Structure formats: C-alpha cells, structure tokens
Amino acid sequence: MAYLSTSESSCIIYYNCLALLSRHPGPDVRSQLTLIWWEEERYPEGIKWKFLEHKGPVFAPPYEPLPENVKFYYDGKVMKLSTKAEEVATFFAKMLDHEYTTKEIFRKNFFKDWRKEMTSEEKSTITNLSKCDFTHMSQYFKAQTEARKQMSKEEKQKIKEENERLLKEYGYCVMDNHKERIANFKIEPPGLFRGRGNHPKMGMLKRRIMPEDIIINCSKDSKIPPPPPGHKWKEVRHDNKVTWLVSWTENIQGSIKYIMLNPSSRIKGEKDWQKYETARRLKKCVDKIRNQYREDWKSKEMKVRQRAVALYFIDKLALRAGNEKEEGETADTVGCCSLRVEHIKLHPELDGQEYVVEFDFLGKDSIRYYNKVPVEKRVFKNLQLFMENKQPEDDLFDRLNTSILNKHLQDLMEGLTAKVFRTYNASITLQQQLKELTNPDDNIPAKILSYNRANRAVAILCNHQRAPPKTFEKSMMNLQSKIDAKKEQLADARRELKSAKADAKVRRDEKSKKIEEQLMKLEVQATDREENKQIALGTSKLNYLDPRISVAWCKKWGIPIEKIYNKTQREKFAWAIDMAEEDYEF
DNA sequence: CTCTGGACTTAGAATTTAATAT
DNA sequence: ATATTAAATTCTAAGTCCAGAG
C-alpha cells in the first residue's frame, strides 16, 4: 500500500470513528480506535469490503392495462391492442408532446421495436406509424397527471409513507461496519430510449428487467436476498473486489448497469477524497509537466508533438480525454484525443490577436464547445502541421489516443490521468477566484455572490452548460418588479425619516436600513440569476471542486455551510466538513 | 499493439417537493 | 387555501480508465 500523508490518515481515522460510534456509542472510543484502524487498514489491494448484506433491487411496477374506454385508433378506426403492444404504445403516447416523437430516427426505431411486441394480426394491420393515433391515450395520461396533483392530503400522505417504507426496507445495506444508503435501488422501468443529441438509437425499446436478468453481489455470510416469488436470480456472486450490489445488462448498448452506494457512503467518500488528493499531488508537479510538454512541442517525433499539444489543450482548456467511440452506436461527440480536423479553425490573426484557434465541436452529452483561444506560436505551427493533407473528417491527432496519453501521464506522476487535470484546474481556479473575489467588508449575501461567481468561473472553464429554464425571462421580470417595489418602499421610508420627529428618528432610520438590506439582497439575487442563465453550477460543485476549499472559505468568513451546500451535498461532503479548517490550502 | 468488457465517475434533463406569492 | 416558482432530488445516459485476451 502507498505511503499515507497526514490528511490521508486523518480521513481514515474519520471513517473509522464513524464506524466505531455506530457500533459502540459509548465513552470507550479511544481504546477501540486502534483496533478498528487495524481492521480496516489491513485490507489487501483491491479488496473493497469484507461483509456486504442487502435486500436486492426494487423492480418496476408491473404494467397496468388501460381502462376499456381509452382507445387507440389506426387509420381512423378503433383498434384494441394486445397487452404487450399496448404497453409499448403507452410509452410513445406519454412522449407525444416531446420533440423526440417528431424525429425520423426516433419514429423509425420505435416502430421497428414496437412491431416486435405485436401479435401477428397487429403486425399485419399496423404498417404505418403515421396512421397511428395515440392522442386519446395521451389525453388520458395527462388527466392522470392532473388527478395526481389534485389528490387529497391524505392520499398524498399515503403514497409518501409507502415510498418511505420502500426506502427503509430496500434503500440501505450493511457494508462492513456501516449501514449505508444505496443510490439507485430501484430498477429502471421499461420505456423508450432517449439518447442525448443526435443519437442513432433514440426511440428503441428499453425492455423490462426481470429477476432472471439480475446478478446479486453480496458476501457469503450475509443473508442473501430472495428473488420475487416464482422467479430466480441470474446469478448470486460474492465478489469483494467490486463495490456494486446488483447488476444487469441493458439491451440498447449491451452495457452493464449497476446498483451502487450513495455518495454519502464511506466507500464513495474515500474515493472522492482520494481523487482530490491526486489532484493536489498534481499541483506539486504541474510546473514541471508544463515545461516538459512545452519542450515536447519541438520534438522530432510526430507522436510526441501531438501528445504535447493535446496535453496542452487538456491542461489549458480543461478538455476531456476523448476516447474513441464506435461509429453508429452513439451520438457523434468528441473529446481532446478524438478531435477531428473539422472541429478547429486556425486564424493567424483574429480581432487583433495572433494565433487564434477556434474550437467548435460537440462534447459529452452533445453539449457544444465553442471557444476562440489565442495559443502560443509553436502550438499554432504544430496544428498546421497536424492538419496538412488531411480531410475535415480525419483525426487531428492521428498518432494519439487516450491510452497512449495516459500511459505517458502515468510516467510523469503516479495515478495521473487526463481527467486529473480537469479536477486540478477546477479546484485551483475556485481557490484563486475566491481569494480574488471575496471582499471582507461585504455582507453575507454579497459574499455568497462572490462564491457563486468563483463557482461560475469553474463551470465556464469546464463548459458546464444548461438549457436556459423555460420560464427564465418571466422569472427575471418578476424579480425586477420586486426590486422596483422595494425601491419604492425605500423611498417612502426615507421620506418618513426626514419628516419624523427627533424622538422617532432612530426607529425610522432602522426601518430604512432594513429595507435597504432587503433591496440589496434582491439585487444580488437578480445579478446572480442573470449571470447563471446558461451555466450549470451543480456539476462542478459535486464533482470537481475540492469541498475542503469551500468549507475553509465558509469558516474563514463566517458563512454558514448551509448557504453553500444543501442537505444532500453536506452528506456527500461530510468528510470535508469535519476535516477542513479555515487555513486549508488545496 | 488492438479490442472488448467491466467498473466506476460525471452529466444535464425531468420530476418532485418545498417555499413563496396570491 | 391555492397557485406559482424555485430548489432539491431523482434518473439514467455518457463519459473515463483499466485489465486481460489475443
């Protein structure tokens, strides 16, 4: 096992204390600590747990056929569908309002898979999707949704209690000495596959998962979850080199899906903390690595030059590694190593800047990356070289892939991979921005605005975008009218203050101060919201920013941690909230 | 070296719940 | 009390990275 730094050790102590306290809530903590330390320390490489017990997954509720009065029409005539065909039809009917159902690929894939579920009579009748009328079914589901909203308090309460019962029974497991929350204990229900972007498989039928598809993973000496009556598990295994509890193979891509633990769990928390420790190790050697790749821009070897330019992009622009993808299986998206010639434009001069590279490509989730970046002359010249005699659809880095790149990175630092640069650059940016933007004299709302701006700088770096909320314009207008009303109120209060008698002045003054503060708060809120229109802060907050930076910042400026992290986030980052002091440096 | 399967993290949209306005 | 809006939570797709076989 690798040498542990002080902070690494304290993290382990932290988790052991948790285990200890949950087992023996008593005063004799110290004497047992050593014991547990040893118990957990001696896990050999790759062993994730010694004991794992859970109740298995919760399956999707069975299909409930439509009431008789809900009709499906084919070519203008009522048609009663078989249960299987009807179920698949309802999937389409439920999506009728969505743009998806107008897309040619979606319709083609859906129709092909739907026909597989039909009886031979249905198959011979239903030959054209355009002649299918799902509107009545769609209306029925809308009415159902509406009815659900209108349910009485008691009915809603009943549903809530049922969900709580399910969570209590299936939502937790025991891993070693901890009772842990499971992340996704419910099996994904059947439905129509919706890929992101221009996905060739959109509309395909995602089949219902049965117990016979399920692999259970738990320890031998645990109570093995029984399959539902009349069913069998595909397999029960006892593999303590993995962290998952349940797995099955999904039918769209043929990939494996898992049930794993919640981010609040020890096993996820430790991994998360390790990730940030790796990024901090990069901090110590990043200068050396940067000098190295700059040298490599001059290399005689094409492969080395490409590697060095790609690494420069990954470092400077926080691009993803960019694995190769199987053509036709997924949407056409790229990362750094898979960039094609058509994704960049070279401008020797643009808007008064020299050597500008214009990036335009679809990245993960088909989110567009568009950026005009001035680069160093050597990089520019190299790119020209890489593009020589190539077609637009050719790979920019034809001598490079993620495996070559990561192998190189591994040589530069143990545990270094392309994604570590994203984590490192995100976290260091937050830390720098917080230092730069926090004004000690600001009140709490203004300081939080600064925090959000620092967070936003990271989200922009990582290209975390969102579709502007549908009601964005309206909500901005509402906020503006609130501000106007508050301004009026303030003007009134000030007038009253002026005309007030001496004995009432103090009270009036306090009143206008209070209104002033409320106004300021609203204005800050408006600024924050406007700046956040197309930016998604959540992803960086949850996955890229070392939470200890935020915890330290809160401690330093007396900001309650609840203002930065909600309940779920506080659970996920419990380790950091307990560990980090105000002087923590990433 | 390439190819594939497997395990895990990261991602934005959709849905649900809570807070606030009416 | 009800309707509207915002925040929190859920959902599951889409990446990264690694190991092992050939």
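Computed from a predicted model, the values in this text were never measured in an experiment.
- Where A:Asn566 and A:Arg194 each meet DNA chain C at their nearest nucleotide, the meeting point lying more 5' is that of A:Asn566.
- Side-chain rings of A:Tyr100 and A:Phe106 approach one another, their centers coming within less than 6.0 Å.
- Taken residue by residue, residues 326-338 of chain A places no heavy atom nearer than 4.0 Å to DNA chain B.
- By the side chain to side chain contact (heavy atoms under 4.5 Å, CB included) test, A:Ile549 pairs with A:Ser427, A:Leu430, A:Gln431, A:Leu434, A:Asp546, A:Tyr584, A:Phe586, sequence neighbours left out.
- When side chains are defined from C-beta on, A:Ser255 counts as touching A:Glu250, because their heavy atoms get closer than 4.5 Å.
- Taking 4.0 Å as the cutoff to heavy atoms of chain A, we find the contact window on DNA chain C bounded by C:dT5 to C:dC18.
- At least one side-chain nitrogen or oxygen of A:Arg422 sits closer than 4.0 Å to the OP1 or OP2 atom of B:dA11.
- Looking at residues two or more places apart in sequence or on another chain, you find a ring-ring contact (aromatic ring centres under 6.0 Å, His included) between A:Phe361 and A:Tyr369.
- Nearest-nucleotide positions on DNA chain C for A:Ser366 and A:Glu188 put A:Glu188 closer to the 5' end.
- The aromatic rings of A:Phe193 and A:His199 sit perpendicular to each other, their planes meeting at more than 60°, with 30° as the lower class boundary.
- A:Tyr544 is linked by a ring-ring contact (aromatic ring centres under 6.0 Å, His included) to A:His464, counting only residues two or more places apart in sequence or in another chain.
- Figure legend: A:Lys179 and A:Tyr172 shown as a cation-pi pair, the cationic atom lying under 6.0 angstrom from the six-membered ring centre and within 45 degrees of its axis.
- For the side-chain hydrogen bond (donor to acceptor under 3.5 Å, both in side chains) condition, the pairs that include at least one residue of residues 560-571 of chain A, sequence neighbours left out, are A:Ser550-A:Tyr565.
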